[in-house]
Amino acid sequence: MCDYLSLATPGVQKLTPYQPGKPLEELEREYGIQEAIKLASNENPSGPAPKVLQVLSQQLSADTIARYPDGSGFALKAALAKHYAVMDTQVTLGNGSNDVLELIARCFVQAGQGILFSQHAFAVYSLAAQALSAEIQKVPATAYGHDLEAMAAAITDNTRVIFIANPNNPTGTWLKAGALENFLKQVPKKVVVVLDEAYFEYLQADTGHDSIQWLPHYSNLIITRTFSKAYGLAGLRVGYSLSSPEIADLLNRIRQPFNVNSLALLAAEHALQEQTYLQQVAQDNQAGMQQYETAFKQMGLNFIPSKGNFIAVDTGKAAAHVYEALLRLGVIVRPIENYELPGFLRISIGSPAENVRCIQALQQILA
């Protein structure tokens with residue numbers, strides 16, 4: 001046998017694969033449980049807008065499946081450019097926004113150079129850094145969220161990319177626009193700043209947050225968003241970034257030409273038109289968040305106030321044990337010990353009935 005591990009690059013040798021939420025089918029196979037619910041992957045319980053499903057049904061044909069998608073994603077890029085009042089040359093498409101995050105790291109970071117992010121931030125930042133054998137510059141969190149002052153102070157001549165998730169996954173913490181722009185002013189132009197806004201659509205209108213307006217003023221800024229969360233298209237995998245045309249050109253040089261499939265391109269283009277539906281999704285999410293917050297207060301459990309479509313709750317004990325007990329009751333959530341939060345579970349906001357079932361299961365176990 002050949003030792004293939006030794007043949008891999010040093011960064012890949014040290015990697016541990018990203019662990020997604022347990023699929024429903026796997027739980028049902030392992031425990032023989034029927035009618036389980038999954039609240040582990042921050043999916044939209046309502047799915048995409050009905051009109052999107054209608055368009056997909058009408059366009060699904062042998063010809064659609066047999067032919068390659070538009071490698072440039074022309075129609076979706078044009079729709080995004082119109083929606084955000086930017087140029088289509090500022091858009092980069094990805095197989096989910098994770099794909100774009102990986103492209104950014106590959107494009108701007110060499111082995112030994114720095115990738116800076118916060119403690120408790122999205123695991124993909126660390127994985128991207130390790131794969132490249134980059135220097136990981138992880139800054140301690142404050143109140144479970146980004147400490148922008150400490151992050152600004154941590155920038156060195158070696159730093160090449162900064163990742164900021166807003167709202168942050170898995171904690172749900174959120175940075176106000178004024179603090180973010182003040183941070184951008186402090187970052188050298190040679191350092192790329194990535195605002196990962198996968199959960200942007202769940203923010204309430206009164207937050208007054210519009211990072212798109214910063215693009216003309218900060219040439220080193222990249223904003224990433226996705227159709228996987230609020231738009232309900234997680235199974236089709238389509239995300240994007242908005243940046244300066246110069247940065248978008250570089251990212252598109254290494255982007256695979258068919259990284260977004262035909263159905264995903266079509267669904268995303270039409271989902272973008274369903275803004276009324278999106279507002280309803282955000283309202284339903286707020287109602288579900290209130291269900292959990294009220295229940296946790298009644299149960300005496302500490303939780304992290306969240307601006308996403310999930311909430312992190314401190315179980316007061318080893319969360320892995322609570323997670324296993326929930327599995328046996330047919331409820332899948334996410335323990336986040338790997339985010340240095342060993343007592344916490346991250347629970348996605350589900351339908352009202354799913355939320356009630358999860359709450360009742362937690363009450364039963366913790367009692």
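The structure presented is a predicted model; accordingly, all values stated were derived computationally and were not measured.
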Is it true that, when you exclude [X] itself, more than 12 heavy atoms of the residues, nucleotides or ligands shown sit nearer than 6.0 Å to its [atom1]?
| X | atom1 | result |
| --- | --- | --- |
| Gln58 | CD | yes |
| Gln256 | CD | no |
| His83 | NE2 | yes |
| Asp157 | CG | no |
| Glu324 | CD | yes |
| Gln363 | CD | yes |

Would you mind listing every side-chain hydrogen bond (donor to acceptor under 3.5 Å, both in side chains) that reaches into residues 106-116, with sequence neighbours excluded? none

Tell me the closest heavy-atom pair linking [X] and [Y], and the distance in Å.
| X | Y | result |
| --- | --- | --- |
| Glu201 | Tyr231 | OE2-CE1, 3.7 Å |
| Ala198 | Lys229 | O-CG, 3.6 Å |
| Ser41 | Arg346 | CA-NH2, 4.0 Å |
| Gly73 | Leu93 | CA-CD1, 3.7 Å |
| Val86 | Ile212 | CG1-CG2, 4.0 Å |
| Ser348 | Asn355 | O-OD1, 4.4 Å |

Would you say the side chain of [Y] lies within less than 4.5 Å of the side chain of [X], judging by non-hydrogen atoms?
| X | Y | result |
| --- | --- | --- |
| Trp174 | Asn166 | yes |
| Leu76 | Tyr240 | no |
| Gln59 | His270 | no |

For the ring-ring contact (aromatic ring centres under 6.0 Å, His included) test, which of Phe108, Tyr125, Phe122, Phe117 pairs with Phe163? Tyr125

Can you label the angle between the Phe310 ring and the Tyr199 ring as parallel, tilted or perpendicular, going by 30° and 60°? perpendicular

In terms of the angle between their ring planes, are Phe258 and Tyr68 parallel, tilted or perpendicular, with boundaries placed at 30° and 60°? parallel

Within residues 114-132 or reaching into it, pairs that qualify as salt bridge (charged side-chain N to carboxylate O under 4.0 Å, His left out) - sequence neighbours excluded: none

Go through the steps to decide whether Thr171 and Thr173 satisfy the test side chain to side chain donor-acceptor pair (under 3.5 Å), and finish with yes or no. CA-CA 5 Å; Thr171 60; Thr173 51; 3.0 Å; yes

Main chain of [Y], side chain of [X]: is a donor-acceptor contact present, judged purely on distance under 3.5 Å?
| X | Y | result |
| --- | --- | --- |
| Asn285 | Gly308 | yes |
| Asn168 | His120 | yes |
| Gln90 | Ser244 | no |
| Gln119 | Pro140 | no |
| Asn95 | Asn259 | yes |
| Ser126 | Ala123 | no |
| Asn44 | Ala230 | yes |
| Thr64 | Leu60 | no |

According to a 4.5 Å side-chain heavy-atom criterion applied to Ile, Leu, Val, Met, Phe, Trp and Tyr, with indirect links allowed, do Ile222 and Leu101 form part of one hydrophobic cluster? yes

Would you say Val100 and Leu236 are hydrophobically clustered, going by side-chain heavy atoms of ILVMFWY under 4.5 Å? no

About how many Å separate SG of Cys107 and CG of Leu251, when rounded to the nearest 0.5 Å? 5.0 Å

Apply side chain to side chain donor-acceptor pair (under 3.5 Å) to Glu246 and Ser219, showing your working. CA-CA 9 Å; Glu246 292 77 13; Ser219 58; over 6 Å; no

Any side-chain donor paired with an acceptor under 3.5 Å for Ser228 and Arg237? yes

Identify whether the distance between the nearest side-chain nitrogen and carboxylate oxygen of Glu35 and Arg357 falls below 4.0 Å. no

